[in-house]
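One-based numbering along the sequence shown. Computed from a predicted structure; not experimentally measured.
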Amino acid sequence: MYTAIYAVTEATNNIDFYFEICPGPRIFEWNMMHHDLLEKCCFDIDGVLCIDPTEDENDDGPKYEHFLENVEPFFRPSKTIGYLVTNRLEKYRALTEDWLLRHNVKYNHLIMLDLPDKAARLKANNHGGFKASVYIKNNCYLFIESSIWQSKQIADISGKPVYCTDERKMVFPNSIGKSKFLLRKVVKKLIGK
């Protein structure tokens with residue numbers, strides 16, 4: 001007798017008993033970094049592929065450049081990632097690409113924030129919105145993010161799930177949260193702030 005907790009529809013004829021049909025495409029925490037579906041996923045870099053820089057390292061200058069050159073990998077995907085989406089500034093592309101190459105991180109696209117400096121990035125305060133826009137535009141299956149608050153923003157704006165590595169949980173969209181976020185953006189535009 002053959003039993004399975006999860007089964008796919010096409011295999012049910014070979015199993016005597018199963019608890020639940022688990023249709024594809026699917027990805028699990030234990031195989032996430034080694035799954036062919038990564039080519040249809042978005043990944044953050046800091047906090048996922050490497051640790052986040054400390055406040056001291058995040059100086060938008062020599063300490064940050066040292067961090068970008070020397071930080072050790074954190075999660076190590078073995079498959080090609082579709083989209084690396086980071087709030088790192090475009091001016092750090094060469095250092096980022098060198099680090100990815102040295103650590104054998106395979107990817108199709110590297111999308112970075114095109115702002116002049118850290119002050120402009122902080123003023124824009126659009127970390128989750130930027131990432132969500134790429135997620136939506138490229139019709140990806142999943143976004144893998146470290147920050148819980150950015151995970152919630154990305155999920156709410158995109159209407160799609162985000163896996164948060166810090167919390168080790170899937171974050172699903174909250175239609176109320178999304179409506180509030182969009183309403184705030186509309187109000188800010190109307191009053192010019």
For [Y], is there any backbone N or O sitting under 3.5 Å from a side-chain donor or acceptor partner on [X]?
{"X": "E167", "Y": "K169", "value": "no"}
{"X": "D59", "Y": "Y64", "value": "yes"}
{"X": "Y135", "Y": "P161", "value": "yes"}
{"X": "E90", "Y": "D114", "value": "no"}
{"X": "R102", "Y": "E69", "value": "yes"}
{"X": "N31", "Y": "H34", "value": "no"}
{"X": "N58", "Y": "T54", "value": "no"}
{"X": "K160", "Y": "I136", "value": "no"}

Looking at side-chain heavy atoms only, is the closest gap between [X] and [Y] below 4.5 Å?
{"X": "P53", "Y": "D46", "result": "yes"}
{"X": "D52", "Y": "S146", "result": "yes"}
{"X": "D44", "Y": "I144", "result": "no"}
{"X": "I111", "Y": "T86", "result": "no"}
{"X": "L142", "Y": "I27", "result": "yes"}
{"X": "M32", "Y": "Y163", "result": "yes"}
{"X": "K106", "Y": "I81", "result": "no"}
{"X": "C41", "Y": "C140", "result": "no"}

Work out which heavy atom in [X] is nearest to a heavy atom in [Y]; give both atom names and the distance.
{"X": "A155", "Y": "V171", "result": "CB-O, 3.8 Å"}
{"X": "P77", "Y": "L38", "result": "CB-CD1, 4.0 Å"}
{"X": "E57", "Y": "F67", "result": "OE1-CD1, 3.6 Å"}
{"X": "K91", "Y": "P116", "result": "NZ-O, 3.4 Å"}
{"X": "L110", "Y": "T96", "result": "CD2-CG2, 4.0 Å"}
{"X": "H127", "Y": "Q153", "result": "C-OE1, 4.3 Å"}

Residues clustered with [X], ILVMFWY side-chain links under 4.5 angstrom:
{"X": "I21", "value": "I15, Y18"}
{"X": "F19", "value": "I5, Y6, F17"}
{"X": "F28", "value": "W30"}
{"X": "V8", "value": "none"}

Within 6.0 Å of [atom1] in [X], more than 12 heavy atoms from elsewhere:
{"X": "K63", "atom1": "NZ", "result": "no"}
{"X": "Y141", "atom1": "OH", "result": "no"}
{"X": "K137", "atom1": "NZ", "result": "no"}

Any chain of hydrophobic side-chain contacts (each under 4.5 Å) joining [X] to [Y]?
{"X": "I148", "Y": "I157", "value": "no"}
{"X": "W149", "Y": "V48", "value": "no"}
{"X": "M112", "Y": "L122", "value": "no"}

Q: Mark yes or no: K131 above the aromatic ring of F143, with NZ or CZ under 6.0 Å from the six-membered ring centre and no more than 45 degrees from the axis.
A: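 Relative to the ring axis of F143, which defines the angle, K131 lies outside at least one limit.
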(Q) What verdict does the side chain to side chain contact (heavy atoms under 4.5 Å, CB included) test give for L49 and L84, after you've listed the backbone C-alpha separation in whole Å, the side-chain angles of each residue and the deciding distance to 0.1 Å? (A) CA-CA 10 Å; L49 298 180; L84 293 176; 3.6 Å; yes
**Q.** Set of side-chain contact (heavy atoms from CB on, under 4.5 Å) partners for P73, sequence neighbours left out
**A.**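 Here the qualifying residues are R76, W99, H103.
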Q: Return yes if a side-chain donor-acceptor contact under 3.5 Å exists between Y92 and D60, otherwise no.
A: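 Short answer, yes.
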(Q) I'd like to know if the side chain of N138 pairs up with that of Y83 as donor and acceptor (distance under 3.5 Å, no hydrogens or angles considered). (A)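 Yes, side-chain donor-acceptor contact under 3.5 Å.
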Q. Could you walk me through whether L100 and Y107 pass the side chain to side chain contact (heavy atoms under 4.5 Å, CB included) check?
A. CA-CA 9 Å; L100 292 165; Y107 62 94; 3.5 Å; yes
Q: Identify, with sequence neighbours excluded, every residue that meets side-chain hydrogen bond (donor to acceptor under 3.5 Å, both in side chains) alongside E39.
A: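 Checked E39 against side-chain hydrogen bond (donor to acceptor under 3.5 Å, both in side chains); matches are N108.
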Q. Roughly how far apart are S151 OG and D166 CG, rounded to 0.5 Å?
A.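 It is 7.5 Å, given to the nearest 0.5 Å.
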